[in-house]
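When reading the values below, keep in mind they use all heavy atoms of this one structure, side chains included, and skip hydrogens, waters and symmetry mates. In what follows, chains carry the letters A, B, and so on, assigned in the order in which the sequence lines appear, proteins first and then strands, with residues in each chain numbered from 1.
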2 protein chains.
Amino acid sequence: MERVFTIMERFAPDAMDCITNRYKMLKQIMHQQPVGRRQLCKVLGLTERMVRAEIENLKSTGLIHATTAGICLSPAGEHIMNEVDIFVPFLFNIQSLAEQIKNRFNLREVILVPGDSQSDEMIKRDLGRVAAAYMKKSLFPGCTLAVTGGSTLAEVADVITDGIGFSNLMVVPARGGLGEEVEQQAGTIAARIAKIIGAQYRMLHIPDKLQEETAQALKQDPYIKEITDLIKSSDILFHGIGFAMEMANRRGLTAAEIALLQAKGAVGEAFRYYFDEQGNIVYEVPGIGLELHDLAHIQTVVAVAGGSNKAPAIKAVLNGGRQTVLITDEGAAQAIVGLQD
Amino acid sequence: MERVFTIMERFAPDAMDCITNRYKMLKQIMHQQPVGRRQLCKVLGLTERMVRAEIENLKSTGLIHATTAGICLSPAGEHIMNEVDIFVPFLFNIQSLAEQIKNRFNLREVILVPGDSQSDEMIKRDLGRVAAAYMKKSLFPGCTLAVTGGSTLAEVADVITDGIGFSNLMVVPARGGLGEEVEQQAGTIAARIAKIIGAQYRMLHIPDKLQEETAQALKQDPYIKEITDLIKSSDILFHGIGFAMEMANRRGLTAAEIALLQAKGAVGEAFRYYFDEQGNIVYEVPGIGLELHDLAHIQTVVAVAGGSNKAPAIKAVLNGGRQTVLITDEGAAQAIVGLQD
DNA sequence: TCATGTTGGGGCAAAAATGTCCCTGAGGGC
DNA sequence: GCCCTCAGGGACATTTTTGCCCCAACATGA
């Protein structure tokens, strides 16, 4: 039963939106009838015309009934609401999950893909698709988009399609990002996305892990400075989230560094910063590119990560409070709210 | 499970249409991939643009994949079709029912309301609403609409709403139709409908059951002739269907007549004609108004009747083959196909 | 009784969708 | 090699939907 809605959500999300909208509206009417159109707009966060269109629709099917005092449920409407209420919990657990997470971490938006990428590879694809769609929606003429590396962002690059409509875009890697498979390096991903959406791009072929002095020296180089300035002035950042230890190993941190991370309780990693459970930054990999204080100037910081197993890492990074948007899957979301604080 | 779709169909028919359309399309693609857009139009009976919009939609969600050879299902599309196929029989049994009945009785259109008006009073209301919507859709400027009496048509008059957009319409009773509650007389219903949709109307205050000689005499009257001519030139007829014996009793037929009906195996009644199981007319109540041979000139003859108990009567009348459209409920439809020939 | 706030509905320009063409190019039969 | 058919995608007029503001009517409370 629950499964039906999960499948439906993937099969025809628009139809499900239509159903949930209608339900919300009828429920609202049921609760505060007789109620006016504008009231409903405010409560439901829809435009007046949308509400109006829906009202006309419902009126023609006889579920509601408009009087001069406002809109009321007709007997048929009440009857059907009783029936729909039977399976509505299944319909809404996803949406309410998103709401919970949004409020808890003070995010501008939370997008949930039904399913769990841990157990179903298809969901990972879905996540990428949804993130790609959101990415395209976020772009605006003249903007600069920064991306990190990682398998999730690589997935986004795999599934993104062209068709933006304007072309003065720039895609950059958030940081250097060598040191892993070339397919998953930030620069490679930036380039792939840029090519598909018809944007310019810059790469930064610098190892991400540097000695502090080397980094300082490189930062003086005019060419590198130009690119880092560009990166630091990004308007949008899309980043993945990883487990601290896993990333530390993959990036070849020294035993001393890893010991430090463990001592400080690092759980999550994002854009080369390591976060403990409370969201404190316990370690930063020296390098060139986006730095933490730059994030404050970026309008849209989107974290993309899924899978119920990744929940602790996602939660740790979210606790850091640098994101405005989270795109994840139902499994991860459920696990995140399930973790005690 | 099945119940969910039945409820959904009543709650958000548009969303369900969207889902079924999408399913049909994906199924078609699956079967004859790679397939072209225009092919799909022909097979699915949709306009090119609709198919195209849907294709763009599916492409953006990554369920299909367009090549120069045509459209193919993507792996994700195949995957989801396998999942959807699990519950699709539930989704389509209504539609396939409608299809069956349409073909069997050679009708132009069959509209099914989910549910059974016998067991749920609400469905009767739904049936009326759907019939009312169809009625409004069928009207055209300058047309004449004929209606019969009966509780079903009374229901239609109850739920019809205004908003036709043109006003040179005429509504007439198909036949006289005194002899039952005034609320359910054809003339009353014609008048009510006319008033709501802003049409003109004529009534025919003549007992429906007449001696043959009296009827002949009345037919000569100029005023009555004018009205009957109008009735006979109707463009659209909406009629109910009743059980032969029940109607015979209600209309006060004589014991001899009733005996005749029984002897001839009358089952169904519509517009004062009595039909046996095979659809043969076994009796005609003499009267004034629409006669059988007039039906041939009427473009749209719509039978409206619901409830699984009424199935034998509906089937009998449909076997007569005078209808172009049937509006009924799922219960009746199921019972009709269940009856052996 | 009257002022005030809210209702549904009307109207209208802007935006989106739809219906209908056409075009180029790939592939298949001859 | 050539033609012919069918593919997807582009273009554009037309219709429908949307966003937004206004209005008379009704309800409500003073």
Side chain to side chain contact (heavy atoms under 4.5 Å, CB included) involving A/Thr144 - partner list, sequence neighbours excluded:
A/Met170, A/Val172, A/Leu230, A/Ser234, A/Asp235
Heavy-atom closest pair, residues B/Glu9 and B/Pro114
CG-CG, 3.1 Å
Looking at A/Asp158 and A/Arg125, is there a salt bridge between them, counting it only when a charged N and a carboxylate O are closer than 4.0 Å?
no
Protein-to-nucleotide contact annotation, 5' to 3' order, nucleotides 4-17 of chain C [B base; S sugar-phosphate only; - none; under 4.0 Å, heavy atom]
---BBBBB------
For B/Arg202, check salt bridge (charged side-chain N to carboxylate O under 4.0 Å, His left out) against everything at least two apart and list the hits.
none
Integer-rounded Å distance: D/dA7 P and B/Lys42 NZ
8 Å
Contacts of A/Asp17 meeting salt bridge (charged side-chain N to carboxylate O under 4.0 Å, His left out) (sequence neighbours excluded), chain-then-number -> none
Output every pair passing salt bridge (charged side-chain N to carboxylate O under 4.0 Å, His left out) with a member in residues 53-78 of chain B, not counting sequence neighbours, ordered by first then second residue.
B/Arg22-B/Glu54
Which of residues 14-27 of chain B sit near DNA chain D, with a heavy atom under 4.0 Å from it?
none
Angle separating the five-pair end axes of the helix from C/dT1-D/dA30 to C/dC30-D/dG1, nearest 10°, is 30°
Who pairs with A/Ala69 by side chain to side chain contact (heavy atoms under 4.5 Å, CB included), at least two apart in sequence or on another chain?
A/Pro34, A/Thr67
Using the side chain to side chain contact (heavy atoms under 4.5 Å, CB included) criterion, which residues pair with A/Ala303? Sequence neighbours excluded.
A/His239, A/Ile241, A/Gln323, A/Leu326
Using a 4.5 Å cut-off on heavy atoms from C-beta on, say whether the side chain of A/Met16 contacts that of A/Arg10.
no
Would you mind listing every salt bridge (charged side-chain N to carboxylate O under 4.0 Å, His left out) that reaches into residues 30-43 of chain A, with sequence neighbours excluded?
A/Arg37-A/Glu48
Please determine if A/Asp329 and A/Lys124 form a salt bridge, counting it only when a charged side-chain N lies under 4.0 Å from a carboxylate O.
no
Can you name the residues that form a side chain to side chain contact (heavy atoms under 4.5 Å, CB included) with B/Ser60, not counting sequence neighbours?
B/Asn57
N/O-N/O pairs, protein side and nucleotides 28-30 of chain D side, under 3.5 Å:
none

